Amino acid sequence: MDTAIVPSTFLLTLLLSVGLFFFIRASTKDRIERAQLISEQDEAALMSQLKEYFLSRSYRVTSVDKEKNQVTFEGFVRPSWFLAIFLTFLAAVGFACLSLVLAQLFSSQSPFLFSLVLLSPLSGIFYWQKSGRLEKVSLKMESIQREQHSSSKITVIGHRDELAELQRALQLEMVD
C-alpha cells in the first residue's frame, strides 16, 4: 500500500472521531429557548389548558407569582432508549474504523486494537446519565388587544422540543 495513504486515512479518521465525540457530547446539551405565543382564548381558560397540558406531561407547578402573572412548571425528562442505543452504535462504528486504521499502522498490535470497540457502550452510558434531568418551563401571561377582541400572549422559557410540542398541542401562534 502507498505510504501516503495510511497516514492520510489515519488523519481523516481522527478528525471524524473528534466530530463523533462532540456529537455524543452535544446529545446531552440543554436547548433552552424563549418563545412568545398568542392564543385567541382569554387568560383564565388558557391557563387551565396550560396547566392540564403540563400535568399530562408529568410536570408539576413549582412556583406561582401572581403579581407578575408567571407560573413555573418542573418535570423530569427521561432519556431516550433509542438515542442511547443509536449513540452506542455510532461509537462502535467509529471505534471499529479507528481500530482498522490503527491496525494498518501498527500491524503487530492489531489483535488488541479491535478491543477499542468494547468502549462504545460508554457513549450510551454517558448519554443516559447526563440527559435524564429536571426541566423547568416558565410561563408569563399577558392580555393584549387585537382587532376588536382580546387575546392572550404567553412568554415561555423552556426546552425547544417542549415549546414546539406545546405550540402544536394547543394550536398557539408564534409572535413575529
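In this text, all values refer to a predicted model and were calculated from it rather than measured experimentally.
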Notebook entry, point to check: Are side-chain heavy atoms of Phe21 and Val18 found at a separation under 4.5 Å?
Noted result: no
Margin query: Could you see if Phe95 belongs to whatever hydrophobic cluster contains Phe22? Use Ile, Leu, Val, Met, Phe, Trp, Tyr and a side-chain cutoff under 4.5 Å.
Written below: no
Check: Which pair of non-hydrogen atoms, one from Ala103 and one from Leu113, has the smallest distance, and what is that distance?
Finding: N-CD1, 3.6 Å
Checklist line | Single-linkage hydrophobic cluster Leu116~Leu20, side-chain heavy atoms < 4.5 angstrom | finding: no
Notebook entry, point to check: side-chain contact (heavy atoms from CB on, under 4.5 Å) with Asp161: which residues, sequence neighbours excluded?
Noted result: His159
Next item on the list: Please go through Val93's hydrophobic cluster and name the other residues, only I, L, V, M, F, W, Y counting, with side-chain heavy atoms under 4.5 Å joining them.
Entry: Phe89
Notebook entry, point to check: Could you walk me through whether Ser152 and Gln41 pass the side-chain hydrogen bond (donor to acceptor under 3.5 Å, both in side chains) check?
Noted result: CA-CA 6 Å; Ser152 299; Gln41 299 177 353; over 6 Å; no
Notebook entry, point to check: Is Glu135 close to Ile32 at the side-chain level, that is, under 4.5 Å between some pair of heavy atoms?
Noted result: yes
Checklist line | side chain to side chain donor-acceptor pair (under 3.5 Å) involving Glu74 - partner list, sequence neighbours excluded | finding: Arg60
Next item on the list: Flag the pair Lys130 / Arg25 as yes when at least one side-chain heavy-atom distance between them is below 4.5 Å, and no otherwise.
Entry: no
Check: Atom CG in Leu46, atom CG in Leu139: separation rounded to 0.5 Å?
Finding: 8.5 Å
Next item on the list: Check whether more than 12 heavy atoms from other residues, nucleotides or ligands sit under 6.0 Å from atom CZ of Phe23, and answer yes or no.
Entry: no
Next item on the list: Quick one: pull up CD1 in Ile154 and NZ in Lys140 and give me the separation to the nearest 0.5 Å.
Entry: 13.5 Å
Item checked: Residues forming a side chain to side chain donor-acceptor pair (under 3.5 Å) with Thr155, sequence neighbours excluded -> none
Notebook entry, point to check: In terms of the angle between their ring planes, are Phe54 and Phe73 parallel, tilted or perpendicular, with boundaries placed at 30° and 60°?
Noted result: parallel
Note to self: With a 4.5 Å cut-off on side-chain heavy atoms, are Gln104 and Thr9 touching?
What the structure shows: no
Notebook entry, point to check: Are more than 12 heavy atoms from other residues, nucleotides or ligands located less than 6.0 Å from atom CZ of Arg34?
Noted result: no
Check: Taking a hydrophobic cluster as the set of Ile, Leu, Val, Met, Phe, Trp and Tyr residues connected by side-chain heavy atoms closer than 4.5 Å, whether directly or through intermediates, do Leu87 and Phe126 fall within one such cluster?
Finding: yes
Item checked: Joint hydrophobic cluster, Val61 plus Met141, side-chain heavy atoms closer than 4.5 Å -> yes
Notebook entry, point to check: Which heavy atom of Ser80 sits nearest a heavy atom of Tyr127, and at what distance?
Noted result: N-OH, 3.0 Å
Margin query: Less than 4.5 Å apart, side chain to side chain, heavy atoms only: is that true for Leu170 and Leu37?
Written below: no
Notebook entry, point to check: Taking side chain as C-beta onward, heavy atoms only, is Val71 less than 4.5 Å from Leu50?
Noted result: no
Check: What closest approach, in Å, do Thr88 and Ser123 show between heavy atoms, and which atom pair accounts for it?
Finding: CA-OG, 3.4 Å
Next item on the list: State, to 0.1 Å, how close Ala35 and Leu163 come at their nearest heavy-atom pair, and which atoms those are.
Entry: CB-CD1, 4.0 Å
Note to self: If you count every heavy atom of other residues, nucleotides or ligands that lies below 6.0 Å from Arg78 atom CZ, does the total exceed 12?
What the structure shows: no
Checklist line | Under the side chain to side chain donor-acceptor pair (under 3.5 Å) test, residues paired with Asn69 that sit two or more places apart | finding: Glu43
Margin query: Taking Leu172's backbone N and O only, do any of them form a donor-acceptor pair with Ser39's side chain (distance below 3.5 Å, no angle check)?
Written below: no
Check: Taking C-beta and beyond as the side chain, do Leu16 and Cys97 meet within less than 4.5 Å on heavy atoms?
Finding: no
Notebook entry, point to check: Heavy atoms, side chains only, cut-off 4.5 Å: are Leu98 and Leu14 in contact?
Noted result: yes
Next item on the list: Mind checking side chain to side chain donor-acceptor pair (under 3.5 Å) for Arg57 and listing every partner two or more places apart, or none if nothing turns up?
Entry: Tyr53, Glu162
Checklist line | Heavy-atom closest pair, residues Ala91 and Ile24 | finding: CB-CD1, 4.2 Å
Checklist line | Heavy-atom closest pair, residues Gly75 and Tyr59 | finding: N-CD2, 3.4 Å
Note to self: I'd like to know if Phe10 and Val117 are part of one continuous hydrophobic network [Ile/Leu/Val/Met/Phe/Trp/Tyr, side-chain heavy atoms within less than 4.5 Å].
What the structure shows: yes
Next item on the list: Under the side-chain contact (heavy atoms from CB on, under 4.5 Å) rule, what do Phe86 and Leu90 come out as? Steps first, then yes or no, please.
Entry: CA-CA 6 Å; Phe86 181 66; Leu90 286 180; 3.5 Å; yes
Checklist line | More than 12 heavy atoms of other groups within 6.0 Å of Glu33 CD | finding: yes
